[in-house]
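Okay, so here's the structure we're looking at.
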Amino acid sequence: MLIFCRIRCRHFDRGIRQLHQCTAMSSCRREISSVIRILVTFLLVSISICPVLSSEPHNLGGRNQTFRPEKESKKLKIVRQRLDEINKPAVKTIQSPDGDIIDCVLLHHQPAFDHPQLKGHRPLDPPERPRAYEAEGNVAGAEEEQEHVQLWRMSGETCPEGTIPVRRTREEDMLRASSVRRFGRKPRRRVRRDSSSNGHEHAVGYVNGQEYYGAKGSVNVWAPHVSNPFEFSLSQLWVISGSFAHDLNTIEAGWQVSPELYGDNYPRFFTYWTNDAYETTGCYNLLCSGFVQTNNRIAIGAAISPMSSYHGGQFDITLLVWKDPKHGNWWLEFGSGVLVGYWPSCLFTHLRDHATMVQFGGEIVNSRAGGFHTSTAMGSGHFSGEGFGKASYFRNLQVVDWDNNLIPLPNLRLLADHPNCYDIRGGINGVWGHYFYYGGPGRNVRCP
C-alpha cells in the first residue's frame, strides 16, 4: 500500500508540473480544465487509499505505538510522587565515578521515619555486639575488605557526621522498572525453600530446626553476567521466620547485579526485608520506610570495588546480622565492625522473637527468554568444583545463639535447585570454618 501511494503521488507531482507548463502556453489553455478534473479525481482517490501515509513508516514493526497522553501523564505523576517520597533533601551531594549521585541526608530525615510506627523516632545507639566463638581466618590471595569498598568513596569525600549517604533514585530508574507501583520490591512469588519458584533458582547452604538470633559469613564479590534486563544475580544471607507462605518474614543482605534496579552491571551492596512473603511489605535498600541507617560511610545500593577476578585476586566482604538482646531490633554490620543500621522489630511478626532458618548462597532469575534456560551467571559464573580463585564462596559461616554468642553452623545442609546449571559443595577446615563453593554459568550443554 505504501509503495502504491508513493507511485501515485509521483504521478500527481508530474501532473502539477504539466499544469504549470500548460498555463504558460496559449495552445494548452483548452487542456487545462480537463487536466484539473483529472488531478482532482486523482487526489480524492489517493486520500481514500493512503489516509495515513505520513504515519505509516512508524508502525512497520506491526506494534501499536499509539501515544496515550492521559495514561503517560498519570504514570509520570506516580513516578514523581514516589521520587518525592524516596529522595530526601540533601545537605551535600557527591558524584560517584559510576554515575551515581550520593545525597547526604540528615539522620532524622531518612525514609525510615516515614513509617507510621517510626514517626518521631531517632536512631538508636549501637547495641552489644555478639561475642566471637572462635578466631576467624583467611587464606593467601583472599583480601579482607577495607572501609573504602564502594566506588563513591574513591574521591575521598564522605558525608558529614549526623547524615547518611543515600543513593539518589532518578526518573529513569523508575521508568526502567517492570512495574512503577512495585518499584524497589522483588516480584510477588510463592516462596519455597526446597525448589525454585517463579523462575528464581538457588544454590544455598542452610540450617533450620532451632532458634537463631543472627548470622555471619564472608562472601567474595564478582560481577556475573546478567543476560536479560529483567533478571538479576545475587549472593546473600537470609534470616528467616514464619512459614513459606504469606506470612514469611525475611531479612536479607549481600551483593547483587541488577540492570533493572540500578541501570548497570556493577555488583552492589544491598539489603531487603519483608513480613508477608514479598507481597506488599518491604523493599530493597532505602526505597521504602523501614530500615534505619546509622552510618555515614556506607551507601546501601552503591557499587562495590574492587571485585574478584578469575584465577586472580579474591575480594570478599563480611556480613553480620543479629538481634539486639536489649531492644530486639535486627542490626547489620558490614566489614570489620562497621555498623550500617538496623531493622526495627516492629516491622515484623515472627522475627520479633527469633529466626527459624538461616540461609547463605546465590539466587538468579531465569526468565527463559526464547524458551531456553538463561545464561545469567551465579557467583563467578563457574561451577563449585573449580575451587578457590575460580568459583564463588562463602566462608566462616556462623549463627548467633540465644545468649548473643557466635557459634559454628550446626548441621549445614546444601541445596542446588538445578545442579546442572548452578551447583554447590561444602567443607570445613581450621581456617575457613564452615564454607562452601557455589555458582555456575546457567545455560550450557547440560542445562539447555
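If you read the sequence from its start, that first residue is 1, and numbering goes on from there.
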Is the shortest side-chain heavy-atom distance between Val207 and Tyr212 below 4.5 Å? yes
Verdict with supporting geometry, Lys186 and Glu252, side-chain contact (heavy atoms from CB on, under 4.5 Å): CA-CA 12 Å; Lys186 290 187 177 182; Glu252 307 171 30; 2.7 Å; yes
Kindly assign one of parallel, tilted or perpendicular to the pair Trp432 and Tyr437, based on the angle between their ring planes and the thresholds 30° and 60°. tilted
Is there a side-chain contact (heavy atoms from CB on, under 4.5 Å) between Phe334 and Ile317 once you walk through the steps? CA-CA 7 Å; Phe334 179 85; Ile317 58 174; 3.8 Å; yes
Taking C-beta and beyond as the side chain, do Leu248 and Thr250 meet within less than 4.5 Å on heavy atoms? yes
Please test Arg268 against Ser258 for side-chain contact (heavy atoms from CB on, under 4.5 Å), starting from the C-alpha separation and ending with a verdict. CA-CA 9 Å; Arg268 294 172 176 271; Ser258 176; over 6 Å; no
Tell me if a side-chain donor or acceptor on Arg352 pairs with a main-chain N or O of Cys346 at a distance below 3.5 Å. yes
Identify the two heavy atoms, one from Pro448 and one from Arg368, that lie closest to each other, and give their separation to 0.1 Å. O-NH1, 4.2 Å
Just wondering, do Glu386 and His311 contact through their side chains at under 4.5 Å, heavy atoms? no
Is the shortest side-chain N to carboxylate O distance from Glu333 to Lys216 below 4.0 Å? no
Pair Tyr310 + His382: ring centers closer than 6.0 Å: yes
Whether over 12 other heavy atoms sit under 6.0 Å from Asp84 CG: yes
Side-chain donor/acceptor of Glu231 to backbone N/O of Thr374, under 3.5 Å: no
Flag yes if more than 12 heavy atoms outside Lys92 fall under 6.0 Å of its NZ atom; otherwise flag no. yes
Over 12 foreign heavy atoms within 6.0 Å of CD, Glu172: yes
Between Met154 and Ser305, is there a side-chain heavy-atom distance shorter than 4.5 Å? yes
Aromatic ring centroids of Tyr278 and Tyr272 under 6.0 Å? yes
Whether the side chain of Ser179 engages the backbone of Arg182 through a donor-acceptor N/O pair (distance < 3.5 Å, no angle test) should be reported. yes
Using atom types as modelled and distance alone, determine if a side-chain donor or acceptor of Arg185 lies under 3.5 Å from a backbone N or O of Thr281. no
Worked verdict on Lys88 versus Asp103 for salt bridge (Lys or Arg N to Asp or Glu O under 4.0 Å): CA-CA 8 Å; Lys88 302 301 183 182; Asp103 290 326; over 6 Å; no
Could you verify whether a donor N or O on one side chain and an acceptor N or O on the other, from Asp247 and Ser243, lie under 3.5 Å apart? yes
Do the side chains of Val166 and Ile102 get nearer than 4.5 Å, heavy atoms only? no
Under a 3.5 Å cutoff, is there a donor and acceptor pairing between the side chains of Ser233 and Thr376? no
Centroid-centroid distance, Phe291 to Trp343, less than 6.0 Å: yes
Can you label the angle between the Tyr213 ring and the His354 ring as parallel, tilted or perpendicular, going by 30° and 60°? tilted
Without swapping roles, check the side chain of Asn295 against the backbone of Leu339 for a donor-acceptor pair under 3.5 Å. yes
Does a donor on one side chain and an acceptor on the other come within less than 3.5 Å for Thr349 and Asn249? yes
Is it true that the NZ or CZ of Arg443 lies under 6.0 Å from the centre of Phe372's six-membered ring and within 45 degrees of the ring axis? yes
Is the backbone N or O of Cys283 less than 3.5 Å from a side-chain atom of Asn285, with the two atoms forming a donor-acceptor pair by type? no
Check Arg168 with Asp100, please: is the shortest side-chain N to carboxylate O separation under 4.0 Å? no
Residue pair Ile364 / Phe232, side-chain heavy-atom distance below 4.5 Å: no
What verdict does the side chain to side chain donor-acceptor pair (under 3.5 Å) test give for Asn396 and Ser218, after you've listed the backbone C-alpha separation in whole Å, the side-chain angles of each residue and the deciding distance to 0.1 Å? CA-CA 6 Å; Asn396 297 107; Ser218 298; 5.1 Å; no
Check whether Arg153 reaches the backbone of Arg297 with its side chain - one donor and one acceptor, N or O, closer than 3.5 Å. yes
Here the pair of heavy atoms bringing Leu397 nearest to Leu409 is CB-CD1, 3.4 Å
Are any non-hydrogen side-chain atoms of Asp98 and Trp152 less than 4.5 angstrom apart? no
For Asp403 and Asn405, indicate whether the former's side chain and the latter's backbone hold a donor-acceptor pair under 3.5 Å. no
Kindly indicate, with the supporting measurements, whether the criterion side chain to side chain donor-acceptor pair (under 3.5 Å) is fulfilled by Asp276 and Thr274. CA-CA 6 Å; Asp276 64 355; Thr274 181; 3.1 Å; yes
Among Phe394, Phe360, Trp222, Tyr393, find the one that has a ring-ring contact (aromatic ring centres under 6.0 Å, His included) with Tyr438. Phe394
Donor-acceptor pair between Thr356 and Glu211 side chains, under 3.5 angstrom: no
Mind listing the closest non-hydrogen atom pair of Asn220 and Ala391 along with its distance? ND2-O, 3.6 Å
Might you point out which heavy atoms bring Gly426 and Leu414 nearest each other, and give the distance in Å? N-CD1, 3.3 Å
Backbone N/O of Ala299 and side chain of Gln150: donor-acceptor pair under 3.5 Å: yes
Backbone of Lys390 reached by a side-chain donor or acceptor of Ser380 within 3.5 Å: yes
Trp273 vs Leu347, test: side-chain contact (heavy atoms from CB on, under 4.5 Å). Steps then yes/no. CA-CA 9 Å; Trp273 70 274; Leu347 298 176; 4.0 Å; yes
Give a yes/no verdict on a cation-pi contact between Arg446 and Phe383, requiring under 6.0 Å between NZ or CZ and the six-membered ring centre and an angle within 45° of the axis. yes
Could you check whether any side-chain heavy atom of Ile424 comes within less than 4.5 Å of a side-chain heavy atom of Ser384, counting everything from C-beta outward? no
